[in-house]
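Everything on this sheet refers to the single structure shown next.
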Protein chains: 2
Amino acid sequence: MLTIGQLAAYAGVTVRAVRHYHQVGLLPEPERDASGYRRYGATAVVSLIRIRTLANAGVPLSQIGDLLEADASDFAEAVQRIDSHLRDEIERLETSRKQIAELTAGDSLALPLEVAAYLDRLRDIGASKRMVEAERDGWILVAARWPERVIEWMPAKVAELDNPQVVRLYRILSEIFDGDADDDPRMAEAADIMAALAEQAHAAGEMNLGEEAHDDLPHDLIDALAVESDPRVERLLELMRERGWSGWNRMERLVEPPD
Amino acid sequence: MLTIGQLAAYAGVTVRAVRHYHQVGLLPEPERDASGYRRYGATAVVSLIRIRTLANAGVPLSQIGDLLEADASDFAEAVQRIDSHLRDEIERLETSRKQIAELTAGDSLALPLEVAAYLDRLRDIGASKRMVEAERDGWILVAARWPERVIEWMPAKVAELDNPQVVRLYRILSEIFDGDADDDPRMAEAADIMAALAEQAHAAGEMNLGEEAHDDLPHDLIDALAVESDPRVERLLELMRERGWSGWNRMERLVEPPD
DNA sequence: TGAAGGGTTGACGCAGCGTCAGGGTCAAGC
DNA sequence: GCTTGACCCTGACGCTGCGTCAACCCTTCA
């Protein structure tokens with residue numbers, strides 16, 4: 001007769017595991033000796049080894065009991081199920097590995113590489129750290145909603161950065177929001193540039209985003225995000241409204257200008 | 001301002017998950033509105049998306065907080081750790097798949113194929129179901145202790161089955177233990193055959209198992225197993241003792257026979 | 001006789017939420 | 001003004017397979 005420790009050692013498991021199998025009814029509780037110790041016979045050893053064999057193969061404990069009593073065809077079927085479940089699990093993990101492989105650096109986190117490249121360009125033309133982070137967060141919102149489309153939009157955005165007006169705009173905005181003046185006079189200049197750019201885009205008919213325009217939520221969120229990150233943005237929006245434009249990222253004409 | 005449901009929908013997660021992130025401190029609790037509802041700004045949306053991006057990549061929640069604030073080198077290092085952890089997990093599951101692939105049928109469960117083949121042969125020569133199962137359980141005990149050696153021993157065991165005496169022995173034993181007579185007269189015949197076989201083996205010097213002989217536990221367990229599976233085995237052991245042999249599976253001479 | 005090395009039950013911990021239970025709130029239609 | 005359905009709230013258990021205390025008892029050996 002074996003003690004629980006000897007039984008466990010023979011089967012290569014821990015004592016705790018054996019007790020657990022008792023608890024879940026996988027292994028019957030044996031008789032106790034005079035001092036209350038569990039005493040095991042050879043049958044228990046065999047049962048335990050068979051249980052461990054299945055458990056090592058990845059079979060959930062809850063199924064092992066049935067499996068040990070199943071006939072050949074039920075057994076084969078169950079094995080099939082378990083195997084395909086394992087395959088799914090492996091695939092899930094493989095996907096995870098691919099995903100983290102793409103998380104090489106900070107910006108590409110939650111963003112496609114194209115957008116990360118755009119943000120790098122922004123940094124290059126002199127946008128401040130805060131500015132780039134704000135842009136990044138905005139694009140995260142966009143990418144979450146239109147993960148496919150956002151990639152298509154990037155070439156045009158990158159091209160915009162060749163426009164000296166745009167470069168000047170980002171530099172001014174960077175300086176304004178990196179400073180701590182509550183009412184920087186350059187804010188008016190920024191608004192002027194933005195209005196001019198909007199005017200050009202409108203004239204060129206580039207202001208239509210397609211069906212995405214119908215979903216206001218991302219745009220509203222981006223506006224809100226900008227204000228949350230710096231309340232002075234509110235002032236900038238006001239200046240834009242004075243110039244006949246609403247919004248921050250998806251500008252709309254408030255009033256048609258006189259001819 | 002978004003409700004928790006809108007926030008969750010935007011990021012593609014469940015409401016419960018968001019609340020969980022609050023609980024573990026990953027996402028800060030937002031302000032409440034007049035009726036106690038949580039109200040989220042755009043910043044929360046961005047945070048949540050970034051959290052999910054890492055979580056989807058298999059990063060444990062407990063590390064996501066640090067990771068979102070880490071610099072590029074710490075980030076890369078952490079990503080390395082997580083990736084190698086994922087690799088280990090995948091390998092574990094692959095191993096499981098291999099294992100269950102080998103569990104095609106009942107007997108090979110916890111036994112190498114060689115032993116399963118031996119059991120099939122046993123069935124072929126007319127051993128009863130009970131008999132084969134008893135043998136199987138015995139070999140499970142042996143295979144658990146000497147997984148390598150057991151394979152080497154099988155050819156000799158299979159060869160034994162060509163011996164008509166052995167075949168007869170298994171048939172008699174099958175009949176005895178499939179019946180319900182408490183004192184089957186054929187038991188003496190079985191004992192005679194076993195004694196004769198032991199004598200032959202002893203004479204041929206085949207009774208040494210090598211160093212394995214020093215470990216009594218498996219042998220004792222097999223004897224116990226036999227008795228547990230049918231108490232009448234005890235009688236058989238007694239008959240063997242009368243014939244000068246001890247034990248059931250690893251027989252030893254009790255007394256040297258007179259010349 | 002005391003210490004070491006077993007054994008006993010009971011209970012919490014882990015990871016990441018899912019899923020009740022038992023409420024309150026909001027918007028819309030009657 | 002009332003109902004209905006869709007949301008929101010907190011609190012708590014469940015799942016998987018044990019690991020790891022805690023607090024205590026039993027046996028054995030120096």
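Chain identifiers are assigned alphabetically (A, B, ...) following the order of the sequence lines, protein sequences preceding nucleic acid strands; residue numbering begins at 1 within each chain. Excluded from the calculations below are hydrogen atoms, water molecules and symmetry mates; all remaining heavy atoms, backbone and side chain alike, are included.
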[X] side chain N/O closer than 4.0 Å to the phosphate oxygens (OP1, OP2) of [N]?
{"X": "B:Arg38", "N": "D:dT10", "value": "yes"}
{"X": "B:Thr14", "N": "C:dG18", "value": "yes"}
{"X": "B:Arg16", "N": "D:dT10", "value": "no"}
{"X": "A:Arg19", "N": "C:dG10", "value": "no"}
{"X": "B:Tyr21", "N": "C:dC17", "value": "yes"}
{"X": "B:Thr3", "N": "D:dC7", "value": "no"}

Task: NZ/NE/NH1/NH2 to OD/OE distance under 4.0 Å, A:Arg38 and A:Asp33 - done: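 No salt bridge links A:Arg38 with A:Asp33.
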Closest to the [X] side chain: [options]?
{"X": "B:Leu61", "options": "D:dC9, C:dG16, C:dT8", "result": "C:dG16"}
{"X": "A:Pro60", "options": "C:dG7, D:dG17, C:dG24", "result": "D:dG17"}
{"X": "A:Tyr37", "options": "D:dC9, C:dT8, D:dC18", "result": "C:dT8"}

TODO: Would you mind reporting whether B:Arg136 and B:Tyr118 have side-chain heavy atoms less than 4.5 Å apart?
DONE: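 Not touching, per the 4.5 Å side-chain cut-off.
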TODO: Answer yes or no: is there a side-chain heavy-atom contact under 4.5 Å between B:Ile49 and B:Thr53?
DONE: yes
Task: First encountered from the 5' end of DNA chain C, between B:Val59 and A:Gly36 - done: A:Gly36
TODO: On DNA chain C, check which nucleotide each of B:Asp33 and B:Gln23 is closest to and give me the residue with the more 5' one.
DONE: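 On the 5' side of the pair lies B:Gln23.
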Without decimals, in angstroms, what is the distance between [X] [atom1] and [N] [atom2]?
{"X": "A:Leu48", "N": "D:dC18", "atom1": "CG", "atom2": "P", "result": "11 Å"}
{"X": "A:Leu27", "N": "D:dC18", "atom1": "CG", "atom2": "C1'", "result": "15 Å"}
{"X": "A:Met1", "N": "C:dG7", "atom1": "CE", "atom2": "C1'", "result": "16 Å"}
{"X": "A:His20", "N": "C:dG10", "atom1": "NE2", "atom2": "P", "result": "16 Å"}
{"X": "B:Leu26", "N": "C:dG16", "atom1": "CG", "atom2": "P", "result": "9 Å"}
{"X": "A:Asn56", "N": "D:dC18", "atom1": "CG", "atom2": "C1'", "result": "14 Å"}
{"X": "B:Arg39", "N": "D:dC9", "atom1": "CZ", "atom2": "C1'", "result": "13 Å"}
{"X": "A:Glu29", "N": "C:dT8", "atom1": "CD", "atom2": "P", "result": "9 Å"}

Please answer whether the main-chain N or O of [Y] pairs with a side-chain N or O of [X] as donor and acceptor at a distance below 3.5 Å.
{"X": "B:Asp74", "Y": "B:Ala70", "answer": "no"}
{"X": "B:Arg19", "Y": "B:Val15", "answer": "no"}
{"X": "A:Glu228", "Y": "B:Thr43", "answer": "yes"}

Open item on the list: Both A:Ser35 and A:Val18 contact DNA chain D. Which one's nearest nucleotide lies toward the 5' end?
Closed with: A:Val18
- [ ] Give one of base, sugar-phosphate or nothing for B:Arg32, where a contact means two heavy atoms less than 4.0 Å apart.
- [x]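 Answer is sugar-phosphate: B:Arg32 comes under 4.0 Å of backbone atoms only.
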- [ ] Specify the residues of residues 83-99 of chain A, ordered by number, for which at least one heavy atom lies under 4.0 angstrom from an atom of DNA chain D.
- [x]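 By residue number: none to list.
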TODO: Drop me the distance from A:Leu217's CG to A:Leu141's CG, to the nearest 0.5 angstrom.
DONE: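 The CG atom of A:Leu217 sits 9.0 Å away from the CG atom of A:Leu141.
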Task: A:Tyr21 side chain to A:Arg16 side chain, donor-acceptor N/O pair below 3.5 angstrom - done: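 The criterion, which ignores hydrogens and geometry beyond distance, is not satisfied for A:Arg16 and A:Tyr21.
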